[in-house]
2 protein chains.
Amino acid sequence: MMQAMATRAESAALTRRALLDAAADLLDLGGPEAVTLREVSARAGVTRGAPYRHFTGKDSLLTALATESWERITDQVHTLRTDPALSDSDKLRGALRVLIGVGRGQPHLYQMLFRRHGHRPEELGEGLDRVRRQLCAPAGDPAADRIRAAGRFQEEFLIIVTDLVGERNARHYGALLLASAHGIADMELTGHLSTDSLRTTSDELVDTLVRMVTDAGETT
Amino acid sequence: MMQAMATRAESAALTRRALLDAAADLLDLGGPEAVTLREVSARAGVTRGAPYRHFTGKDSLLTALATESWERITDQVHTLRTDPALSDSDKLRGALRVLIGVGRGQPHLYQMLFRRHGHRPEELGEGLDRVRRQLCAPAGDPAADRIRAAGRFQEEFLIIVTDLVGERNARHYGALLLASAHGIADMELTGHLSTDSLRTTSDELVDTLVRMVTDAGETT
DNA sequence: CATTTCAGATGACGTTGTCACCTTAGCGAC
DNA sequence: GTCGCTAAGGTGACAACGTCATCTGAAATG
């Protein structure tokens, strides 16, 4: 009765969306362990087997969630970058804070963004080589889609860094900035960056980071 | 027949160790999902219920593994710090590389080190406040033990940073360095720090990081 | 030697991911 | 219109898992 009048494709799309939304809610509430395909299905108004018509399994569903989040983040950073009112360093600070903001607001979703590629037992030990292979994987493969989405974010981010430190050092400092921001976000949400014992806030750390990189980047 | 002649306490200690070792093996091989209490018990030569005499559950076992690893890492860093042949910046570089080395050599164990504190559904949303409370928790509580072990590492690490940048900025730059190193390690082991597309190695990133901090730290 | 205690064994239960199989409604061909 | 195809969704079942209540037997204690 909810999706009363709907063509077949529309109905399927609605179901898929409902599954993703329900999974996102459960993920925010109780982490990956709380995302149970049965509960997701129930919240989406379908039965246990329905998700397998849209995803290959639980992992695929979680990965699709991460892909969507990467795309959302990329859009935010793109908007930041093309804002003429902001200075280059403001854009960089903003981009880093977008990432940290996700970690703060949706910690479990954030951890899905940086999940290991191919964490199945049979896929271990291949490391980064697998990533390269997956970049050539067909569209629709959930894992490959997520990697590509994360890659598009990195490209967007790299443009900002390039504007600030020049093309020569952009990739090096870009990697450093990204890794540092991720480390700050991850340690904060896991409780390992105690603001009490270390007497620092994430924002101050980002400021210091950007300042150091601009200083080092200009003189090189 | 293996532990033929042994008092009860000795036998129990041997079993506990065998459980931890088996769990560590499985963790290295297939990640947390592959660590099944049944398989751990089988490899340790006991039955399914035995682990519950030594740990409160699966989570407790994994947490104990992380605690042991933190202690091992702390020892390594302490050895580095008290080595008179090393310069202050060499000690710092070494300490950061110890962390990254664990991430490279035992990726799944590394991710256990930085697991979220209290990731059970009923414990969410409390954030860092929970950490402070757990610091006062009784010894034997697996989660609190791990936090304390991680704290001891941070203290050891902070001494190195203090020697390099002075006590005034030690905590700020210490947090920054630690978070950055963790970000590098984590992004490398999850495949998000592509050495191809970014044309950088973790070692180069550490070098740049230490150089930037020493420059910024001295002038402040 | 009698008793307590505790490591370990065993059986059971609920939950979960996954799949094979079935049902049914939308859609095009004629 | 009707027929057949296709794919979304429903249903039952299965294996694996974490966990616990209960039992057993041997070491420890007096």
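Order of the sequence lines sets the chain letters (A, B, ...), proteins ahead of strands, with each chain counted from 1. All values below were derived from every heavy atom in this structure, side-chain atoms included, with hydrogens, water molecules and symmetry-related copies excluded.
Taking Arg48(A) as the reference, nothing meets the side chain to side chain donor-acceptor pair (under 3.5 Å) condition, with sequence neighbours excluded. Residues satisfying the side chain to side chain donor-acceptor pair (under 3.5 Å) criterion with Glu156(A), sequence neighbours excluded, are His78(A), Arg81(A). In terms of the side chain to side chain donor-acceptor pair (under 3.5 Å) criterion, residue partners of Ser180(B) (sequence neighbours excluded) are, by chain and number, Ser180(A). With sequence neighbours left out, Arg17(A) forms a salt bridge (Lys or Arg N to Asp or Glu O under 4.0 Å) with Asp21(A), Glu68(A). Looking at residues two or more places apart in sequence or on another chain, you find no ring-ring contact (aromatic ring centres under 6.0 Å, His included) involving Phe55(B).
Note on Val40(B): nothing from the nucleic acid sits closer than 4.0 angstrom, heavy atoms only.
For Arg38(A), the listed nucleotide lying nearest its side chain is dT16(C); candidates were dC17(D), dT16(C), dA8(D). Nearest nucleotide to the side chain of Val46(A), out of dG17(C), dG10(D), dG18(D): dG10(D).
With rounding to whole Å, Leu26(A) atom CG is found 11 Å from dT16(C) atom P. Between Arg16(A) atom CZ and dA7(D) atom P the separation is 17 Å, expressed in whole Å.
Note on Thr15(B): a side-chain N or O is less than 4.0 Å away from OP1 or OP2 of dG8(C). For Thr36(A), a side-chain nitrogen or oxygen approaches OP1 or OP2 of dG17(C) to under 4.0 Å.
Within residues 47-55 of chain B, the residues having any heavy atom closer than 4.0 Å to DNA chain C are, in order of number, Thr47(B), Arg48(B), Gly49(B), Ala50(B), Arg53(B), His54(B).
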